[in-house]
Amino acid sequence: MLQNMPMQASVFTATILGSSAATPTSTRNPSAILLNMDYHYYLVDCGEGTQIQLRRMHYKLQKINHVFVSHLHGDHFFGVIGLISTMHLMGRDRELHVFGPPRLEEIVNLQLDASQTELVYPLVFHPTQARKEEVIYESDKHYVKSFPLEHRIPTTGFVFGEKPRRRKIDKAFLLKEDVPVPWIVRIKDGADYTSPSGIVYPNDQITRQPPAPRTFAYCSDTRYNPAIAQYLQGVDLLYHEATFMEELREVATEKYHSTAAQAALTATQADAKHLLLGHFSARYKTLDGILEEAKAVFANTSLAQEGEVIEV
Ligand SMILES: [Zn+2]
Ligand SMILES: [Zn+2]
């Protein structure tokens, strides 16, 4: 039966390019994650050295058309000019879209101007705001929302989502019954089919259920704030900063960062399916304590590690 053959889910993965907080270590790079959503590549934050990480992991830089920057602390955007510049030297011709705080455009333009670089491809900036939730990007298959985080300077988190897919009609049925074209859209939207001779074919017997749309959310950097969970309800994979552990909870609050337990609390409040921790302070040589602390609050937690590819 058709209903027992669900449609194949498309590719949706997150590759960790950097998992460190402000100071990189010999094994941890500053923040960056590459999302592959059905072979559309979205770069989320772009700390120093991101382009080198992409090369190490054999990703083609020119396949990235959209870059999303959470805020203007260097560990989240010092790699932007390097990436833009290499794309230029490689002779890119496609547009590159950069989403981020308004001053990012000013900074990048100053850098290009000082080096008298006239880019060979169009660079399009999309300024973000950190006051309220907003859809900042949409294609026929995906959307991206930004939402406010609580940090020392204006900072946004992002939710990347798949749009719901329509049901898929069994092709053999279409041919066999010679279904008229106007019916096709209605069947894809869930209608039963009534043939000219009056036979009713229930929708679930002639179509396949599309996979449930998935979401990935990115929360770096932020202080714990229970209001944040409202933007993340039911998220499949939540990346959340865990700069500190509970023993340094006061330091975390003072520096507008979160502890591992606080990240886990947000995941619980958001009813997330999987929590991925990152943005680790260089003071932690091993991360076992961070993982343990979060798992005590939210069991399905793992640690971001450079080079790892996680299924959303
Ligand atoms: Zn940071
Ligand atoms: Zn920051």
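Whatever order the structure lists ligands and atoms in, that order sets their numbers, starting from 1. All residue numbers refer to positions in the sequence shown, counting from 1. Only this structure's heavy atoms are used, side chains among them; waters, hydrogens and symmetry mates stay out.
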Only one of V44, I64, V144 passes side chain to side chain contact (heavy atoms under 4.5 Å, CB included) with L35, and that residue is V44

Any chance the side chains of D38 and H142 put a donor and an acceptor closer than 3.5 Å?
-> no

Just say parallel, tilted or perpendicular for the rings of F216 and F160, cut-offs at 30° and 60°.
-> tilted

Under-2.8 Å protein N/O/S neighbours of the Zn ion (ligand 1), ordered by chain then residue number | D75 OD2, H76 NE2, D221 OD2, H279 NE2

Tested for ring pair (Phe, Tyr, Trp, His ring centres under 6.0 Å) against Y42, the lone hit among F12, Y143, Y137, Y218 is Y137

Under 3.5 Å side-chain donor-acceptor pair for H279 and D221 = yes

Kindly say whether I290 contributes a backbone atom to a donor-acceptor pair with the side chain of E293 at under 3.5 angstrom?
-> no

